[in-house]
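Values reported hereafter were calculated over all heavy atoms of this structure, with side chains retained and with hydrogens, waters and symmetry mates removed. No experiment lies behind these values; they were computed from the predicted model shown.
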Amino acid sequence: MRVNCLNSLSYGKFWSKPDKKTSENAKKDASSKETGNFSADSRTGIYVNPVQTTKAQEGTISKALDELSKVRFSANDIIYMQNLGVSLPFKNGSEAVDYLKSKNIDVMYAEFSNPNVHACLDTTQANPAVLINSNYKDLASFPDILAISEAMFHEAGHAKDEDSDNSIQEEIDCLALNVLAHQYYKGAYPDIFKDQKSPLYFEGVNLYDKLFFDFDPEKKALKRRISEKYGFLNVSSKNHAGSQMAYDVKNMS
């Protein structure tokens, strides 16, 4: 099975299945090593192939959901994110886990034609599915479980909209979920993410935590990163009214 996903994303949503011409363009994009912003033709997406999940991998997913259910946000972190223009899709990790279960949203691994994508939400089927890059399917240490749970949190934020629309603001809101979970885990398990080498960390959960909590009040590095990944999207979408940060990101693209 092959479904279509936005290109050049760390995390994202799937779109409807493309026609033949769009598919050919997408396949060309998937074989390209170019990163960053893309032309209109190259925004048609990348492709993924869900892979068979082993019992061990099912165990990793189950443990990640269990850890996510423990996540709580500090009052100061909530205020901090609100001051950045973030509207949080969930109040805590337990809400997200309950939502995924109530909507029968499966979590599984998939081969991504763009290896830089950590996770995506497949909205092309009757029931959405959270897909994690199969490059991470054998990562099963405790830090890995926590990092995978953060990716799940992000995609649960996308799923809550119950649509396939996406925007810069929606990505900001969902990235904030990653970061607040990361903050919780760092408090609950000190030094848990220290010296981790996988791209899931240095291009994902560790990176966005650092960028969101950068001392720079203008958050220039964060805006630059979001612009590189999501700058071609619209500023706002349903349930995600554009903040000043989202407009700043768009103006950088």
Kindly compute the distance separating NE2 (H158) from CG (D173), expressed to the nearest 0.5 Å. 9.5 Å
Quick one: do the E67 and Y184 side chains pair a donor with an acceptor below 3.5 Å? no
Quick check, are the ring centers of Y80 and F212 under 6.0 angstrom apart? no
Distance-only polar pair, side chains of H118 and N135, donor-acceptor under 3.5 Å: no
When rounded to the nearest 0.5 Å, the distance separating CG of L146 from CD of E150 is 7.5 Å
Closest heavy-atom contact between E95 and N92? N-OD1, 2.8 Å
Are I172 and Y230 packed together at the side-chain level, in the sense that at least one heavy-atom pair is separated by less than 4.5 angstrom? no
Contact between L100 and L65 at the side-chain level, heavy atoms closer than 4.5 Å - yes or no? yes
Under 4.0 Å between a Lys/Arg side-chain N and an Asp/Glu carboxylate O for D248 and K223? yes
Using a 3.5 Å distance criterion without hydrogens, assess whether the side chain of S102 forms a donor-acceptor pair with backbone atoms of D98. yes
Side-chain (N133) to main-chain (P115) donor-acceptor, under 3.5 angstrom: yes
Could you tell me whether a side-chain N or O of D214 sits under 3.5 Å from a main-chain N or O of D216, the two making a donor and an acceptor? yes
Where do Y99 and A159 come nearest, in terms of heavy atoms and distance? OH-O, 3.1 Å
If you count every heavy atom of other residues, nucleotides or ligands that lies below 6.0 Å from K63 atom NZ, does the total exceed 12? no
Between the side chain of E155 and the main-chain N/O of L121, is any donor-acceptor distance below 3.5 Å? yes
Is a donor on one side and an acceptor on the other found under 3.5 Å between the side chain of Q57 and the backbone of T54? yes
Taking all non-hydrogen atoms of both residues into account, name the closest pair between A241 and Q169 and its distance. O-CG, 3.2 Å
Of V205, V179, V130, L175, the residue whose pairing with H154 passes side-chain contact (heavy atoms from CB on, under 4.5 Å): L175
Is it the case that the side chain of S113 and the backbone of Y47 share a donor-acceptor pair, with hydrogens and angles ignored and the cut-off at 3.5 Å? yes
Take F232 and S253, measure what side-chain contact (heavy atoms from CB on, under 4.5 Å) needs, and give me the verdict at the end. CA-CA 7 Å; F232 57 85; S253 61; over 6 Å; no
Any Lys/Arg nitrogen of E162 or K103 sitting under 4.0 Å from an Asp/Glu carboxylate oxygen of the other? yes
If hydrophobic clusters are built from ILVMFWY residues whose side chains come within less than 4.5 Å, do L180 and L207 share one? yes
Do NZ/NE/NH1/NH2 and the carboxylate oxygens of R225 and E203 come within less than 4.0 Å? yes
L68 vs V71 side-chain heavy atoms within contact, under 4.5 Å: yes
Please confirm whether K186 makes a cation-pi placement over F193, using NZ or CZ under 6.0 Å from the six-membered ring centre and within 45° of the ring normal. no
Applying a strict under-4.5 Å side-chain criterion to I, L, V, M, F, W and Y, I'd like to know whether F202 and Y208 cluster together. no
Heavy-atom closest pair, residues L139 and L200: CD1-CD2, 4.5 Å
Do the side-chain N and O atoms of E170 and S237 include a donor-acceptor pair separated by under 3.5 angstrom? yes
Quick one about N166 and E171 (side-chain donor to acceptor, distance below 3.5 Å, no hydrogens or angles considered), yes or no? yes
Mark yes or no for whether D161, through its side chain, and D163, through its backbone, hold a donor-acceptor pair below 3.5 Å. no
So, does S134 use its side chain to make a donor-acceptor pair with the main chain of A110 at under 3.5 Å? yes
Is the closest side-chain heavy-atom distance between L222 and M245 below 4.5 Å? yes
Identify all side-chain donor-acceptor contacts of residues 81-88 below 3.5 Å with residues at least two apart in sequence or on another chain.
from, atom 1, to, atom 2, distance (Å)
N83, ND2, I79, O, 3.4

Indicate the atoms forming the closest heavy-atom contact of A140 with I145, along with that distance. O-CD1, 3.8 Å
Cut-off 3.5 Å, side chains only: do Y185 and S149 have a donor facing an acceptor? yes
V97 side chain near F90 side chain, heavy-atom distance below 4.5 Å: no
I need the minimum non-hydrogen distance between P89 and K160, along with the two atoms involved. O-NZ, 2.5 Å
Measuring from atom OH of Y201 to atom CG of N206, what distance do you get when rounded to the nearest 0.5 angstrom? 8.0 Å
Roughly how far, to the nearest 0.5 Å, is the CD1 atom of I61 from the CE atom of M108? 8.0 Å
Does I148 share a hydrophobic cluster with F142, counting links as ILVMFWY side-chain heavy atoms below 4.5 Å and allowing steps through other members? yes
Nearest 0.5 Å please: distance from the OG atom of S227 over to the CD1 atom of I168. 7.0 Å
Taking atom CG of D122 and atom CD1 of I105, what is their separation to the nearest 0.5 Å? 10.5 Å
Scan side-chain atoms only and decide if S74 and Q183 contain a donor-acceptor pair under the 3.5 Å cut-off. no
Checking D144 now: which residues fulfil salt bridge (Lys or Arg N to Asp or Glu O under 4.0 Å) with it, not counting sequence neighbours? none
